[in-house]
2 protein chains.
Amino acid sequence: MSFDKSQSAGFLANQMARLFARSLQTRIAPLGLAPAQFMTLLALWEADGLTQKQLVERLDVEQATMANTLARMERDGLIVRRTHAADARAQCIYLTPRAIGMRGDATQAASMVNAIAMKGLSPQEAQQFLKLMTRVIGALKAGDDED
Amino acid sequence: MSFDKSQSAGFLANQMARLFARSLQTRIAPLGLAPAQFMTLLALWEADGLTQKQLVERLDVEQATMANTLARMERDGLIVRRTHAADARAQCIYLTPRAIGMRGDATQAASMVNAIAMKGLSPQEAQQFLKLMTRVIGALKAGDDED
DNA sequence: AGCAATTGAATAGCATGCTATTCAAAATGG
DNA sequence: CCATTTTGAATAGCATGCTATTCAATTGCT
């Protein structure tokens, strides 16, 4: 009957993710950025001109979620959309100069958050933590298909 | 300049938490429960009659978030509120029989999700994973006060 | 007692996420 | 070449979370 929250991976994962998001949010808000926008910019800084579909695949969120995030980013002058040359259904997403210029400050803020989070861990522990999270992510993705 | 998402603790934490939530959601939706409601029930199954303030402390969410969650739970017939006997500002939250009866099924569903997530980890790895998350949570809480 | 500061909740407003639905454009197969 | 299916996006509707604000009840202090 007892279900101890502080021993539940799911409960801890939720709490941890909220703390990460909050910490990042306070650090990038001055740039005019929100966390999901930053995550999207990460993909576009690497490869400008991606379609919405490609962003969905790379960032692993639902299509509707990405559509909403992109709408806010367009509203905020971070991206522009152009119809795909070969497929009128698709659109290519391009960064504005403003978004391109944010890269240094924004990634530095995100690195800072990660550094704070891992401050108490040794380099080995930090590495293992990343590996464990990656394996748990894989298990959750696999587990939901089967059952 | 490169910032690798799949090596970023914050990015992985976000993805992992979304997968946990989604997995839990599909398993408790048949009971008429949503994840945040389940989390709130966990606290109330342990101690019925808590005030909103006490729930906020135990679950570590903002007061406004809890107020909204409780409003939905009241709407769904999971809780009832009674004005606190000694403080007319506060209200005590009580479970309905329906919510009390859900305990077994709901905690079993949550345990199943945790089991699926940790399936690929040895017991030692699973334990360490919980410890690492707890330490990271502590670091994030501490880090944001200072800086 | 009486006024100021504190405190428990509710509300407003917004960002993320998800599922389900819808629509138009493309691809496929007869 | 046309009808069916598939596919890229947008939209509707909802749950969580957060910050900021507001309001009433309580506490504290004088």
Side-chain angles (χ1 to χ4, degrees), chain A residues 10-11 13-29 32-40 50-57 59-76 78-79 81-93 144, chain B residues 10-11 13-29 32-40 50-57 59-76 78-79 81-93 144:
Chain A
F11 185 86
N14 172 275
Q15 195 181 354
M16 182 171 69
R18 286 189 289 114
L19 288 166
F20 266 113
R22 211 211 284 215
S23 184
L24 180 63
Q25 200 257 318
T26 63
R27 268 160 245 266
I28 59 177
L33 273 188
Q37 297 181 349
F38 169 70
M39 181 176 80
T40 306
L50 293 174
T51 65
Q52 187 183 119
K53 172 114 206 277
Q54 292 174 313
L55 283 169
V56 162
E57 284 160 0
L59 299 179
D60 218 343
V61 295
E62 292 301 315
Q63 175 264 322
T65 300
M66 182 54 66
N68 284 326
T69 297
L70 290 174
R72 284 186 291 270
M73 292 175 76
E74 188 171 38
R75 178 202 64 191
D76 296 346
L78 295 168
I79 58 167
R81 313 192 207 196
R82 279 205 289 270
T83 304
H84 187 95
D87 187 340
R89 287 171 306 182
Q91 49 190 223
C92 297
I93 317 286
D144 274 355
Chain B
F11 184 86
N14 172 275
Q15 195 181 354
M16 182 171 69
R18 285 189 289 115
L19 287 166
F20 265 114
R22 212 211 283 216
S23 184
L24 180 63
Q25 200 257 318
T26 64
R27 268 160 245 267
I28 59 177
L33 273 187
Q37 297 181 350
F38 168 69
M39 181 176 80
T40 306
L50 293 174
T51 65
Q52 186 183 121
K53 172 115 206 276
Q54 292 173 313
L55 283 169
V56 162
E57 285 160 359
L59 299 179
D60 217 342
V61 295
E62 292 302 315
Q63 175 265 322
T65 299
M66 182 53 65
N68 284 327
T69 296
L70 289 174
R72 285 186 290 270
M73 291 175 76
E74 189 172 37
R75 178 202 64 191
D76 297 346
L78 295 168
I79 57 166
R81 313 191 205 196
R82 279 206 289 270
T83 304
H84 187 95
D87 187 341
R89 288 171 306 181
Q91 48 190 222
C92 297
I93 317 287
D144 274 354

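All chains are named by letter (A, B, ...) in the order of the sequence lines, taking the proteins before the strands, and each is independently numbered beginning at 1. Everything numeric in this text was worked out from a predicted model, so none of it was measured.
In the set C/dT19, D/dA9, D/dG17, C/dT19 carries the atom at the smallest distance from any side-chain atom of A/E62. Picking from D/dT16, C/dA15, D/dA10 the nucleotide with the shortest atom distance to the side chain of A/Q63 gives D/dA10. The side chain of A/N68 has C/dC18 as its nearest neighbour among C/dC18, D/dC18, C/dG8. Among C/dG17, D/dG17, C/dA10, the nucleotide with an atom closest to any side-chain atom of B/T65 is D/dG17. Here the nucleotide nearest the side chain of A/R81, chosen from D/dA10, C/dA10, C/dT16, is D/dA10. Side-chain proximity of A/A64 to C/dA20, D/dA25, D/dA10: nearest is C/dA20. Of the listed nucleotides (D/dG17, C/dA26, D/dT16), D/dG17 has the atom at the smallest distance from the side chain of B/M39.
Here the side chains of A/V61 and A/T69 are not in contact, with every heavy-atom distance at 4.5 Å or above.
Here D/dA25 presents its P atom at 13 Å from CD of B/Q91, a figure rounded to the nearest Å. Between the P atom of C/dT19 and the CD1 atom of B/I28 lies a distance of 14 Å, rounded to the nearest Å. A/F38 places its CZ atom 17 Å from the C1' atom of C/dA15, with the value rounded to the nearest Å. Going from atom CG of B/D76 over to atom P of D/dC14 covers 12 Å, rounded to whole Å.
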